[in-house]
2 protein chains.
Amino acid sequence: MNLTARTAEQIGEALRRTRKARGWTQSDISARTNLRVATISSLENGDAGAKLATVLAVMAALGLEFRLVERGGSLEIEDIF
Amino acid sequence: MNLTARTAEQIGEALRRTRKARGWTQSDISARTNLRVATISSLENGDAGAKLATVLAVMAALGLEFRLVERGGSLEIEDIF
DNA sequence: CTACTTTTTACGCCATAGCGTAACAATCGA
DNA sequence: TCGATTGTTACGCTATGGCGTAAAAAGTAG
């Protein structure tokens, strides 16, 4: 699962995929973040106008964090082994 | 340079460090993004209310992209060699 | 210390995120 | 097929981002 993102669409996709991988619903994320389901939906659909705080809250709920890397940057361990 | 971020402050720090590493001013980023210097300043200082579009624009100007990874996740190649 | 560059902050303005609430649409299991 | 869960969209509302513009504060070189 490659979760590289340069656009809001890609971030939304990554969040949705991770959520599904966890077997969770948008409602689950909503409960863990105090964000409305509608907000989660909007974010997953690539809303570039979303607030950074919103993205970070969902990331935290999913147990994710950001790495800021050079474009086309280094491989990760899993990509090799 | 470890650019892991879970908070707006950490993202701002990472963006500022990368910008400095490029030898650029906030004004340079402003020119490349059509965002005001004040907006860049606010973002680098950890404004969680910033729009995702704003973050992504600055990231692009710096030649960076996001990786969404598990918290405490995999090491990167540079961390080993 | 002085002049210049860089960064931070302020004010009025417009656009919009996310809220509560609600309805509608799409997806899924029995 | 159908009822139930899940996801999307809408309306009015308040709060605030980013804009133009401007000035002040902080940092830097001579």
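Per chain, numbering begins at 1; letters A, B, ... match sequence-line order.
- Regarding contacts with the backbone of D/dG7, a side-chain N or O of A/Arg19 is found under 4.0 angstrom from either OP1 or OP2.
- You'll find a donor-acceptor pair under 3.5 Å spanning the side chain of B/Arg36 and the base of D/dT21, going by distance alone.
- Note on B/Ile40: nothing from the nucleic acid sits closer than 4.0 angstrom, heavy atoms only.
- Contact annotation: A/Gln26 reaches the phosphate of D/dT8 (side-chain N/O to OP1 or OP2, under 4.0 Å).
- OP1 or OP2 of C/dA17 has not a single side-chain nitrogen or oxygen of A/Thr54 nearer than 4.0 Å.
- Look at CD on B/Glu44: it is 17 Å from C1' on D/dG17, rounded to the nearest Å.
- Residue contacts shown for A/Asn34 are limited to sugar-phosphate atoms, with no base heavy atom under 4.0 Å away.
- Contact annotation: B/Ser41 does not reach the phosphate of C/dT7 (side-chain N/O to OP1 or OP2, under 4.0 Å).
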Query raised in the report: Where do B/Leu56 and A/Ile11 land on the side-chain contact (heavy atoms from CB on, under 4.5 Å) test, with the steps shown first?
Result: CA-CA 10 Å; B/Leu56 291 170; A/Ile11 288 178; 4.2 Å; yes

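- B/Ala48 and B/Ala8 get closest at one heavy-atom pair: CA-CB, 3.6 Å.
- Checking the phosphate oxygens (OP1, OP2) of D/dT9, no side-chain nitrogen or oxygen of A/Ser42 falls inside 4.0 Å.
- Note on A/Val37: it does not cluster hydrophobically with A/Leu43, by side-chain heavy-atom contacts below 4.5 Å among ILVMFWY residues.
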